[in-house]
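Note that the numbering runs from 1 along the sequence shown for the chain. In this text the structure is predicted, and so the values were computed from the model without any measurement.
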Amino acid sequence: MHLAAELRLPTNWLDYSILAIYFVVVLGIGFAARASVRTSLDFFLSGRSLPAWVTGLAFVAANLGATEILGMAATGAQYGVAVVHWYWIGAIPAMVFLGLVMMPFYYGSKVRSVPEFLLQRFDRPAHLLSSVLFAFAAILIAGVNLYALSIVVEALLGWPQWVSIVVAGFFVLAYITVGGLSSAIYNEVLQFFVILAALIPLTILGLKRVGGWDGLTSSLEKEHGADFLSAWGGTGIGDANPLGANWLTIVLGLGFVLSFGYWTTNFAEVQRALSAKNLSAARRTPLIAAFPKIFIVFVVMIPGLVAAVLVPKIGTHGSGLTYNDAIPLLMQELLPNGVLGIAVTGLLAAFMAGMAANVSSFNTVFTADIWAKYVVKDREDGYYLRFGRLVTALGVLASIGTAFLAASFSNIMGYLQTLFSFFNVPMFVVFIIGMFWKRASVKSGFWGLIAGTAAAMVNYFVIYKQGVIGIPTDQGANFVSAIVGFVAGAVVMVVVTLFTAPKPEAELAGLVYGTRSPGMDEAPSDGDDAWYRRPALLGWGAVVLAALCYLPYSF
């Protein structure tokens, strides 16, 4: 990802004053939250005391990073209305499923993290592997946010990359180290409104410039064709389209595997729900977040569409402009001083929200799931509180290192989707089978994680990159890698389960669908003949899914 060198915003003292006030408020919230941090539970999960509306807004803000804002606007400029798939298919259903089905298991089992649930449901190897994979992925994704921030700030304000990285890293480190998760969450609520305050004027002024919605659609249809304004246009199997994907890989790869893998097992998101004050608030957290998520697509997609009209050369060879330039171009062209300061602040807030979510989840997993369970055990609570603050600093420093790794990828959104297919999808298949099939053995979790991660990587680096099977784009390859990882993990779990001992049924209370524990004041129920109790159906279903994932590329 890079932005055109000529994109310098005409900022003045008013814009910088708005930016300075925002940073002062951020640090103030961090120090105000310090008073509530007395135990490690306060630091890592806000003492499980926050109301649903706070955790719900933090849930959606943690995902609304500037990589998404820039990346999805770029997707709109490049692919058109197809960007809605990442929201209405690739987010909302999974968020609802998390709230209604999975949160009772997470919250009712009183776990501090997503990997800790695997310790209760499976065994220590599955828990340790998932903890290491998640911690590694969290640092990589935090680095993506830092790198993207440095590129944007350098292009827009003229600050050197390293200054942008250090300044943003310092502020995130300061307010998380001081105030813990409460500081991160309350700042994310603030950042949610700052981000909207940046995007809404940009959307309205952009539409006004191109003659409203009718003027926008008329210009786009003339330039790009009708399919550009249709989410499903050109996605038939065998049809060519810029996205490089068809309806099957969109529905299975994005809508099911990648989407559910991210929203239901990514601790950077689930941690916000676990900090809620009770099970009811925890279940409502992703449901509350789903409402603004439905509409946010418009304030990131429309600016991308407007940029495609106002700057028809964007993304073309030799223009010096990439699709990533869509938002900055509109800011430069449309926003007056003052509003411009709010927009720049909104972008910085978005980066910080994305980075803070990953750093706060990293320090919890590393401290509670790796250090406290496998390295230094059974120490007093104050020790783990101090160690958590130290790990936060180490996580920020590691993120600075991985920021430069992200620089080697030309498309950051593609890079993020690749990471999700490698790390989130295998964890999702282990969770979903473990939660819905009592017979799944304790050993199957570990081997399912290994198989899913390895298969996704083999598909991407060997089958796709080496041209064994022709897949048109990186994005299409990510969808297929996600499906392959899910299928491989499911098949291996079923096979391992058939040859190893299941967990005693008495130890599954509150961990499997149809059981309940004292911590679950509400629990779903099921019949003894439920489909997910039959491993043969799971096995055959996985084989059929594996065949389907490559079918579209044989036409």
| Is there a side-chain hydrogen bond (donor to acceptor under 3.5 Å, both in side chains) between T39 and D381 once you walk through the steps? | CA-CA 7 Å; T39 68; D381 187 72; 4.6 Å; no
| Would you find a donor on one side and an acceptor on the other, under 3.5 Å apart, between the side chain of R48 and the backbone of K277? | no
| task | Look at the rings of F422 and F461 and say which category their plane angle falls in: under 30° parallel, 30 to 60° tilted, over 60° perpendicular. | result | tilted
| note | Closest non-hydrogen contact found for M103 with A282 is CG-O, 3.7 Å
| said: Using side-chain heavy atoms (C-beta onward) and a distance below 4.5 Å, is N63 in contact with N266? | reply: no
| task | Kindly check if the number of other-residue, nucleotide or ligand heavy atoms within 6.0 Å of CZ (F97) is above 12? | result | yes
| request: Could you go through the side chain to side chain contact (heavy atoms under 4.5 Å, CB included) check for Y87 and M72 one step at a time? | output: CA-CA 10 Å; Y87 291 80; M72 289 306 177; 3.4 Å; yes
| F423 and F134 aromatic centres sub-6.0 Å | no
| message | If you count every heavy atom of other residues, nucleotides or ligands that lies below 6.0 Å from K293 atom NZ, does the total exceed 12? | response | yes
| How far does OG1 of T453 sit from CG of L129, to the nearest 0.5 angstrom? | 6.5 Å
| Under 3.5 Å, is there a donor-acceptor pair linking the side chains of S46 and S275? | no
| Spacing of CD belonging to E269 relative to CG belonging to L274, to within rounding of 0.5 Å | 12.0 Å
| message | Let me confirm one number: the OG1-OH distance from T265 to Y262, rounded to the nearest 0.5 Å. | response | 10.0 Å
| task | For residues T497 and S441, report the shortest heavy-atom separation together with the two atoms involved. | result | OG1-N, 3.2 Å
| request: With the side chain counted from C-beta on, respond yes when V84 and I89 share a heavy-atom pair under 4.5 Å apart, and no when they do not. | output: no
| query | Would you say the side chain of W437 lies within less than 4.5 Å of the side chain of V494, judging by non-hydrogen atoms? | reply | yes
| request: Would you mind reporting whether K438 and E505 have side-chain heavy atoms less than 4.5 Å apart? | output: yes
| query | Which value, rounded to the nearest 0.5 Å, describes the distance between R124 atom CZ and H127 atom NE2? | reply | 8.5 Å
| request: Work out which heavy atom in S130 is nearest to a heavy atom in L449; give both atom names and the distance. | output: CB-CD1, 3.9 Å
| message | Checking R112 against S40: is there a side-chain donor and acceptor pair closer than 3.5 Å? | response | yes
| message | Would you say NZ of K373 has more than 12 non-hydrogen atoms from neighbouring residues, nucleotides or ligands within 6.0 angstrom? | response | yes
| request: Just do the side chain to side chain contact (heavy atoms under 4.5 Å, CB included) check on I195 and I69 with the steps written out, would you? | output: CA-CA 9 Å; I195 292 165; I69 293 172; 3.6 Å; yes
| Which pair of non-hydrogen atoms, one from V359 and one from S399, has the smallest distance, and what is that distance? | CG2-OG, 4.2 Å
| task | Kindly indicate, with the supporting measurements, whether the criterion side-chain hydrogen bond (donor to acceptor under 3.5 Å, both in side chains) is fulfilled by R272 and S360. | result | CA-CA 10 Å; R272 274 76 194 139; S360 61; 3.2 Å; yes
| field | Under 3.5 Å donor-acceptor, R284 side chain and A52 backbone | value | no
| said: Under a 3.5 Å cutoff, is there a donor and acceptor pairing between the side chains of Y79 and H85? | reply: no
| Going through the distances and angles, do V391 and F362 end up as a side chain to side chain contact (heavy atoms under 4.5 Å, CB included)? | CA-CA 8 Å; V391 166; F362 165 79; 3.5 Å; yes
| said: Does any part of the side chain of L508, heavy atoms only, come nearer than 4.5 Å to the side chain of R121, both counted from C-beta? | reply: yes
| said: Between Q271 and S113, do the side chains contain a donor N or O and an acceptor N or O under 3.5 Å apart? | reply: no
| Run the side chain to side chain contact (heavy atoms under 4.5 Å, CB included) check on L50 and Y186 step by step: do they pass? | CA-CA 10 Å; L50 300 181; Y186 280 112; 3.5 Å; yes
| query | Taking the inter-plane angle between the rings of F366 and F387 on a 0 to 90° scale, is it parallel (under 30°), tilted (30 to 60°) or perpendicular (over 60°)? | reply | parallel
| Taking the six-membered ring for Trp, are F486 and F256 ring centroids under 6.0 Å apart? | yes
| task | Any chance you could lay out the ring-ring contact (aromatic ring centres under 6.0 Å, His included) test for F436 and F431, step after step, and finish with the verdict? | result | CA-CA 8 Å; F436 284 86; F431 268 86; over 10 Å; no
| Between V429 and V425, is any pair of side-chain heavy atoms under 4.5 Å apart? | no
| Spacing of CD1 belonging to I432 relative to CZ belonging to F428, to within rounding of 0.5 Å | 4.5 Å
| task | Verify the distance criterion only: is there a donor paired with an acceptor across the side chains of N478 and S481 at less than 3.5 Å? | result | no
| request: For K503 and F122, indicate whether the former's side chain and the latter's backbone hold a donor-acceptor pair under 3.5 Å. | output: yes
| query | Looking at V37 and D42, what are the two nearest heavy atoms and their distance? | reply | CA-CB, 3.8 Å
| query | Between CG of L128 and CG of L118, what distance do you get to the nearest 0.5 Å? | reply | 11.5 Å
| task | For residues F117 and L511, determine if any side-chain heavy atom of one lies less than 4.5 Å from a side-chain heavy atom of the other. | result | yes
| task | Determine whether more than 12 heavy atoms belonging to other residues, nucleotides or ligands lie under 6.0 Å from atom CZ of F291. | result | no
| said: Please check: side-chain N/O of W371 versus main-chain N/O of G388, any donor-acceptor pairing under 3.5 Å? | reply: no
| request: Spell out, as yes or no, whether a donor-acceptor pair under 3.5 Å connects the side chain of N459 to the backbone of A455. | output: no
| said: Whether the side chain of Y384 engages the backbone of D378 through a donor-acceptor N/O pair (distance < 3.5 Å, no angle test) should be reported. | reply: yes
| Side chains of I141 and F420: closer than 4.5 Å at any heavy-atom pair? | yes
| request: Tell me whether the guanidinium CZ or amine NZ of R386 lies under 6.0 angstrom from the six-membered ring centre of F43 and within 45° of its axis. | output: no
| query | Looking only at heavy atoms, which two atoms of S421 and A456 are closest? And how far apart? | reply | O-CB, 3.5 Å
| Is a side-chain N or O of Y107 found less than 3.5 angstrom from the main chain of A276, in a donor-acceptor match? | yes
| How are the rings of F59 and W263 set to each other: parallel, tilted or perpendicular (split at 30° and 60°)? | parallel
| said: Tell me if a side-chain donor or acceptor on T402 pairs with a main-chain N or O of I139 at a distance below 3.5 Å. | reply: yes
| Donor-acceptor side-chain pairing of Y374 and D369 below 3.5 angstrom | no
